[in-house]
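Labels below follow one simple rule: chain letters A, B, ... track the order of the sequence lines, proteins then strands, and each chain is numbered from 1. Both backbone and side-chain heavy atoms feed into the values below; hydrogens, waters and symmetry mates do not.
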Number of protein chains: 2
Amino acid sequence: MQADHVIRALSALAQEHRLAAFRLLVQAGEQGVAAGVLAEKLDVPPSSMSFHLAQLANAGLVTHRRESRSIIYSADYTAMNGLMGYLTENCCAGMSCSEDAACLPSPERKTA
Amino acid sequence: MQADHVIRALSALAQEHRLAAFRLLVQAGEQGVAAGVLAEKLDVPPSSMSFHLAQLANAGLVTHRRESRSIIYSADYTAMNGLMGYLTENCCAGMSCSEDAACLPSPERKTA
DNA sequence: TCCATATTTCTATATTTGTCGAATCATTGG
DNA sequence: CCAATGATTCGACAAATATAGAAATATGGA
C-alpha cells in the first residue's frame with residue numbers, strides 16, 4: 001500500500017460520520033448494512049450518507065452490493081489490514097504488531 | 001482514546017506533507033528533527049511546515065522542544081499507540097494485534 | 001546592541017470538504 | 001405500466017483546510 005492510497009484511507013476515516021459508519025460495518029461483518037439503515041442509525045440524511053459511503057468506497061475501505069432495492073455496504077478487512085500494516089511499518093518505531101496479527105474478517109463470529 | 005480525539009489524529013495524518021513528516025519523526029526517534037530540517041527535506045516553505053506541525057501537535061501526535069534556535073519535533077509513540085489501539089479495537093473485527101504489540105519508542109536504537 | 005538564524009503568527013487566497021433538498025435512477029409489487 | 005421504496009446524483013452554499021509571502025518573535029554570536 002502506497003502513501004497516496006494510505007492518505008485516502010485516512011481521510012476517509014477522519015470524519016465523524018464515516019468513522020461511525022465504518023465501525024458499524026466492521027461490527028456487522030460480512031453480511032453488511034444497507035445504506036438507509038446506516039443513515040438512520042447515524043441520523044444523517046440519505047444524500048449525505050451516500051456522499052460519505054462513496055468516500056469510504058473510493059478509499060477502498062468498503063464494498064457494496066445491491067440486494068433488491070437496498071444497497072448493502074460491508075467493510076473491506078483486507079483494505080483495513082493494508083492500512084494498519086502501513087501504519088505499523090511506517091509510523092511505529094519498527095516492530096510492533098507481528099506478521100500474523102491482523103484485522104480478521106469476523107470469521108466464525110455471528111454475534112455482531 | 002475517544003472518537004473525537006481519534007478523528008483529529010486521523011485528520012492530522014491524512015495529508016501528504018504531514019504523513020511524510022510524521023514518518024520522518026518516527027524514524028528519527030527520541031532525538032527528533034528540527035522544523036527547518038523537515039521543511040527542507042519535504043520541500044515545503046517554512047510557514048507551511050509550521051502549519052502542518054501545529055496540526056500534528058494539536059492532534060497530540062508530536063511534541064516539540066526548543067533547542068537553541070531550533071524547535072525540535074518528535075513523534076509521540078504513546079499517542080500513536082492509542083490511535084492504533086482504537087483502530088484495532090473498533091475498526092477491525094474484534095481481535096488482532098495482541099496486548100503487548102505496540103508502537104515502541106525506538107528504545108535502544110541509534111541508527112536513525 | 002546589532003545582525004543573522006530558526007520559527008512562528010498573520011493575512012489573504014485558492015481549494016477541498018461537508019451539508020442537504022430536489023431531481024433522478026433502479027427495483028419491486030400491484 | 002404505475003406507484004412506492006431505497007438509494008444516488010446534482011446543485012448550491014457554508015465551512016474547513018492548504019498554501020505561502022510578509023511581518024513578528026526568540027535565540028545566539030560578534
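Atom CZ of B:R65 and atom C1' of D:dT27 are 16 Å apart (whole Å).
To the nearest 0.5 Å, the span separating CG on A:L42 from CD on A:E40 amounts to 10.5 Å. To the nearest 0.5 angstrom, B:M84 atom CE is 5.0 Å from A:T88 atom OG1. Atom OH in B:Y86 sits 12.0 Å away from atom SG in B:C92 (nearest 0.5 Å). Note that CZ of A:F22 and CG of A:L38 are 12.0 Å apart. Values are rounded to the nearest 0.5 Å. The NE2 atom of B:H17 sits 9.0 Å away from atom CD1 of A:I7, with the distance rounded to the nearest 0.5 Å. The distance from atom CG of A:N90 to atom CE of A:M1, rounded to the nearest 0.5 Å, is 11.5 Å.
In this structure, the helix from C:dT1-D:dA30 to C:dG30-D:dC1 shows an angle of 20° between the axis at its start and the axis at its end, each fitted on 5 base pairs and rounded to 10°.
Between B:L24 and B:V37 there is no side-chain heavy-atom pair separated by less than 4.5 Å. At a threshold of 4.5 Å between non-hydrogen side-chain atoms, the residues A:M80 and B:L87 count as touching.
For DNA chain D, the residues of residues 68-76 of chain B within the heavy-atom distance limit of 4.0 Å (strictly under) are B:S68, B:R69, sorted by number. Non-hydrogen atoms lying under 4.0 Å from DNA chain C are contributed by nothing in residues 1-14 of chain B. Of the residues in residues 39-56 of chain B, those with a non-hydrogen atom less than 4.0 angstrom from any atom of DNA chain C are B:P46, B:S47, B:S50.
Among all heavy-atom pairs drawn from B:Y73 and B:L25, the shortest one is O-CD2, 3.2 Å. In terms of heavy atoms, A:L13 sits closest to B:L10 at O-CD1, 3.6 Å.
Taking 4.0 Å as the cutoff to heavy atoms of chain A, we find the contact window on DNA chain C bounded by C:dG18 to C:dT28.
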Distance-only check: which donor-acceptor pairs under 3.5 Å involve side-chain atoms of residues 45-64 of chain B, not counting sequence neighbours?
unit_1, atom_1, unit_2, atom_2, d
B:H52, ND1, B:R18, NH1, 3.0

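A salt bridge (Lys or Arg N to Asp or Glu O under 4.0 Å) check over residues 56-67 of chain B, counting only residues at least two apart or in different chains, returns the pairs B:R65-B:E67. For the side chain to side chain donor-acceptor pair (under 3.5 Å) condition, no pair includes a residue of residues 2-16 of chain A, sequence neighbours left out. Residue pairs satisfying the salt bridge (Lys or Arg N to Asp or Glu O under 4.0 Å) criterion with at least one member in residues 42-55 of chain B, sequence neighbours excluded, are absent.
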